[in-house]
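Notes follow the structure.
Throughout, numbering of the chain's residues begins at 1 and tracks the sequence.
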Amino acid sequence: MQRTCEVNYMTLMRLLPRERELGSVRSYAVGEGLHFQLTVLEESRFTTRVALTQHNPELPEWLQSKIEIRLYHDVRMAEVCAAQQISRLKPRYDYPNTQMHQPDEKAQVNLFLADWLNFCLRHGSYLAKVF
C-alpha cells in the first residue's frame, strides 16, 4: 500500500492546481458529460487535504464518487481519508462486520484512486471553466 500511496502522490501533484490555496479548484473533462474536480480543502506546511469529486449529470448524486485525500509532503505520499459515505477508513476491518466492510477496504480504495487518477491523467483535459 505504501507504493500505491507514493504513486498517488506523484500523480495528484501533476493534476492539482499550481496554487494550492484553500478553495483552489482544478476541473477536468474525461469524456462526454463526465468531469472530475479537485478542490483544496485544507493546506498546511506538511499536508494538504483535497476532495476529488465526480460530476456526471446522468447519474444520481449518490452514485457519483467522492474521495477525500490527504497528501503528506514530507514523505511524498497520498492516502484516502474518506470515500463515499465512509468518513474515516480504518487500516483493517474484522470480518464479518456489521457495516459489511472488506478486511482490506482502505487498500482497495487507494488502488481505486490510483486507477482513477491514471485514467484522468491519460484521458482528461483541463477545463478552464468550472462547471
Side-chain angles (χ1 to χ4, degrees):
M1 187 164 123
Q2 183 176 353
R3 176 74 177 142
T4 302
C5 292
E6 290 170 347
V7 171
N8 286 348
Y9 178 87
M10 291 185 298
T11 308
L12 271 167
M13 293 306 289
R14 293 176 67 186
L15 293 169
L16 277 171
R18 295 190 196 280
E19 67 293 331
R20 285 190 317 268
E21 298 172 355
L22 186 65
S24 298
V25 175
R26 191 99 191 238
S27 299
Y28 294 89
V30 290
E32 205 163 308
L34 178 61
H35 302 90
F36 82 93
Q37 180 175 311
L38 285 163
T39 307
V40 177
L41 303 174
E42 185 180 288
E43 178 69 29
S44 66
R45 183 174 176 190
F46 296 110
T47 64
T48 302
R49 188 169 56 98
V50 299
L52 178 63
T53 54
Q54 174 184 336
H55 299 277
N56 185 338
E58 296 179 12
L59 292 176
E61 184 71 25
W62 58 275
L63 277 178
Q64 299 193 39
S65 296
K66 296 175 189 151
I67 300 175
E68 278 190 28
I69 308 133
R70 185 169 310 276
L71 289 90
Y72 301 94
H73 302 296
D74 53 344
V75 292
R76 297 181 180 264
M77 294 178 76
E79 83 171 320
V80 174
C81 301
Q84 297 305 93
Q85 293 85 12
I86 306 169
S87 59
R88 290 186 187 259
L89 286 165
K90 294 180 184 176
R92 302 256 338 133
Y93 290 93
D94 291 330
Y95 194 80
N97 57 67
T98 56
Q99 295 83 23
M100 299 298 293
H101 293 296
Q102 295 297 313
D104 62 342
E105 188 143 347
K106 186 165 190 160
Q108 288 183 33
V109 172
N110 279 285
L111 287 170
F112 172 71
L113 175 64
D115 289 342
W116 199 16
L117 291 173
N118 282 324
F119 174 76
C120 293
L121 193 60
R122 290 182 185 176
H123 304 288
S125 56
Y126 171 69
L127 293 174
K129 177 182 146 190
V130 178
F131 43 94

Walk me through it: do T48 and H73 pass the test side-chain hydrogen bond (donor to acceptor under 3.5 Å, both in side chains)? CA-CA 8 Å; T48 302; H73 302 296; 2.6 Å; yes

Looking at [atom1] of [X] and [atom2] of [Y], how far apart are the two atoms once the value is rounded to the nearest 0.5 Å?
X    : Y    : atom1 : atom2 : result
F36  : S27  : CZ    : OG    : 8.5 Å
L16  : Y9   : CG    : OH    : 9.0 Å
N118 : W116 : CG    : CH2   : 13.0 Å
C81  : R70  : SG    : CZ    : 5.0 Å

Could you please spell out the steps behind the side chain to side chain contact (heavy atoms under 4.5 Å, CB included) verdict for T4 and V7? CA-CA 5 Å; T4 302; V7 171; 6.0 Å; no

According to a 4.5 Å side-chain heavy-atom criterion applied to Ile, Leu, Val, Met, Phe, Trp and Tyr, with indirect links allowed, do [X] and [Y] form part of one hydrophobic cluster?
X    : Y    : result
F119 : L113 : yes
M13  : V40  : yes
V50  : V109 : yes
V25  : L22  : no
L121 : L34  : yes

Do [X] and [Y] come within less than 4.5 Å of each other through their side chains, counting heavy atoms only?
X   : Y    : answer
I67 : F112 : yes
Q37 : H55  : yes
C5  : E79  : yes

Could you go through the side-chain hydrogen bond (donor to acceptor under 3.5 Å, both in side chains) check for S44 and E42 one step at a time? CA-CA 7 Å; S44 66; E42 185 180 288; 5.5 Å; no

For C120, run the side chain to side chain contact (heavy atoms under 4.5 Å, CB included) check against T11, V30, L52 and tell me which one passes.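 Exactly one pass, corresponding to V30.
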
Is E6 salt-bridged to R76, cutoff N-O under 4.0 Å?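 No.
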
Is a salt bridge present between E43 and R49, judged by a nitrogen-to-oxygen distance below 4.0 Å?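 Salt bridge between E43 and R49, a charged N being under 4.0 Å from a carboxylate O: no.
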
Is there a donor-acceptor pair closer than 3.5 Å between any side-chain N or O of [X] and the backbone N or O of [Y]?
X   : Y    : result
Q64 : T53  : no
S24 : E21  : yes
N8  : N110 : yes
Y28 : L38  : no

Kindly determine whether M1 and M77 satisfy side chain to side chain contact (heavy atoms under 4.5 Å, CB included), including the steps that lead there. CA-CA 10 Å; M1 187 164 123; M77 294 178 76; over 6 Å; no

Work out which heavy atom in A51 is nearest to a heavy atom in L41; give both atom names and the distance. CB-CD1, 3.7 Å

